[in-house]
Amino acid sequence: MHVLVNAAMSVDGKLATYRREQLRISGDADFARVDRRRAEADAVVVGVGTVLADDPSLLRFDRERRSEIETTGVPARVVADSQGRTPLDAALFSGDAPIYLLTSEATPPERRDAFRDAGAQVIVAGTDRVDLTDAFDTLEHEGIERLLVEGGGELIFSCFEANLVDELSVYIGSLIIGGRDAPTLADGNGFLGSFPELTLRRVERLDDGVVLRWRVENEG
Ligand SMILES: NC(=O)c1ccc[n+]([C@@H]2O[C@H](COP(=O)([O-])OP(=O)(O)OC[C@H]3O[C@@H](n4cnc5c(N)ncnc54)[C@H](O)[C@@H]3O)[C@@H](O)[C@H]2O)c1
Ligand SMILES: Nc1nc(=O)c(N)c(NC[C@H](O)[C@H](O)[C@H](O)COP(=O)(O)O)[nH]1
């Protein structure tokens with residue numbers, strides 16, 4: 001499986017304000033770029049923190065790009081949600097793109113059934129929190145080979161921690177958001193001693209910002 005992480009951040013590395021409100025960091029050209037990346041993916045993944053903050057539907061993608069690469073169907077939507085906190089009336093449950101809910105044993109069976117009734121395929125991996133390695137393996141068995149991870153910071157950190165990321169692209173907008181509690185590109189507990197190794201592949205000016213793209217040198 002190929003995993004691309006994409007996010008938009010401020011100059012000081014924040015994904016949103018300390019109130020975790022949805023904030024427009026990038027302009028139309030960057031949203032169009034993200035729509036092309038979605039078109040090239042079999043599925044788009046977000047963490048439940050992003051669902052609770054932004055209520056995304058994840059239905060947008062560049063249809064022209066998708067037909068160019070001769071991929072049929074629409075990108076599936078995936079939420080990593082260890083405790084089953086995704087609201088049943090979330091925008092994600094609207095529209096007809098497939099939905100996968102990655103969850104752990106911490107989500108009660110009745111809640112898992114409710115997600116199934118709302119139209120999601122439920123994948124249980126891990127005891128207290130989603131074991132992303134296992135869950136991504138299951139997605140691969142479902143035919144998902146190209147995964148686009150769109151955040152937020154907790155999920156992105158865990159993907160790096162589990163050595164699952166192949167590429168990272170970041171739009172850096174010309175603003176400072178600040179706030180020690182504002183979500184950043186990679187939150188979680190942080191690395192010590194050994195850090196993911198990145199190789200810079202591309203630098204591009206876009207809107208009033210810049211898009212950077214790195215390859216991730218995974219061990220093993
Ligand atoms: N600027 C951007 O590009 C962008 C993109 C996405 C989100 N955001 C912002 O990010 C914020 C949300 O980010 P966040 O970090 O709070 O939440 P998140 O979206 O990263 O979700 C975190 C949650 O995912 C679940 N999860 C399941 N398995 C996990 C695992 N193995 N590791 C980590 N989490 C796991 C947990 O319940 C955890 O609480 C919002 O403010 C949103 O607006 C910005
Ligand atoms: N590229 C980009 N620039 C931004 O300035 C910004 N705030 C996001 N944020 C991603 C966002 O948090 C959402 O999760 C999805 O972009 C929602 O996607 P939909 O509209 O539902 O398709 N992304």
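Count residues from 1 along the sequence. Just so you know, ligand 1 is whichever comes first in the structure, and atom 1 is the first atom listed for that ligand.
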**Request:** Please check if atom OH in Y18 has more than 12 non-hydrogen atoms from other residues, nucleotides or ligands closer than 6.0 Å.
**Result:** no
**Prompt:** Can you name the residues that come within less than 4.0 Å of ligand 1, going by heavy atoms only?
**Reply:** A7, A8, L15, A16, R20, I25, G47, V48, G49, T50, A53, D54, A80, D81, S82, R85, R129, V130, L132, E150, G151, G152, G153, E154, L155, S158, P183
**Fill in**
Min over R38, R60, R37 of heavy-atom distance to atom 15 (C) of ligand 2 lands on R38
**Prompt:** Between R66, R146, R65, which is the residue that forms a salt bridge (Lys or Arg N to Asp or Glu O under 4.0 Å) with E40?
**Reply:** R65
**Request:** Would you mind telling me if ligand 2 is within reach of the side chain of I25, the backbone, both or neither, using heavy atoms under 4.0 Å?
**Result:** both
**Asked** Going by atom types only, do E217 and T199 share a side-chain donor-acceptor pair under 3.5 Å?
**Response** yes
**Request:** Please report which non-hydrogen protein atom sits nearest to atom 21 (O) of ligand 2, along with the residue it belongs to and the distance in Å to one decimal place.
**Result:** S57 N, 2.7 Å
**Request:** Please indicate whether E140 has more than 12 foreign heavy atoms, meaning atoms of other residues, nucleotides or ligands, lying under 6.0 Å from its CD.
**Result:** yes
**Asked** atom 9 (N) of ligand 2: which protein heavy atom is closest, and how many Å away?
**Response** Q22 OE1, 4.1 Å
**Prompt:** So which bit of D30 gets within less than 4.0 Å of ligand 2, heavy atoms only: side chain, backbone, both or neither?
**Reply:** side chain
**Asked** Under 4.0 Å from any heavy atom of L58, which atoms of ligand 2 are there?
**Response** 18 (O), 19 (P), 21 (O), 22 (O)
**Message:** Counting only heavy atoms, tell me which of A8, S10, P56 gets closest to atom 17 (C) of ligand 2.
**Reply:** P56
**Item:** Centroid-centroid under 6.0 Å between F195 and F160 rings
**Value:** no
**Prompt:** Atom CD of E150 and atom CZ of R77: how far apart are they, to the nearest 0.5 Å?
**Reply:** 12.5 Å
**Asked** Looking only at side chains, do D81 and T86 share a donor and an acceptor under 3.5 Å apart?
**Response** yes
**Request:** Closest by any non-hydrogen atom to atom 13 (C) of ligand 2: pick that one out of V46, D54, V44.
**Result:** D54
**Message:** Could you check whether atom CG of D117 has more than 12 heavy atoms from other residues, nucleotides or ligands sitting under 6.0 Å from it?
**Reply:** yes
**Request:** For atom CD of E21, decide whether the heavy atoms of other residues, nucleotides or ligands shown that lie under 6.0 angstrom number more than 12.
**Result:** yes
**Fill in**
for atom 3 (N) of ligand 2, nearest protein heavy atom and its distance come out as S26 OG, 2.5 Å
**Message:** In terms of relative ring orientation, are F191 and F157 parallel, tilted or perpendicular, with 30° and 60° separating the classes?
**Reply:** tilted
**Message:** Tell me whether Y171 reaches ligand 2 (any heavy atom closer than 4.0 angstrom to a ligand atom).
**Reply:** no
**atom 8 (C) of ligand 2: the protein heavy-atom neighbour that sits closest, reported with distance to 0.1 Å** = F31 CZ, 4.1 Å
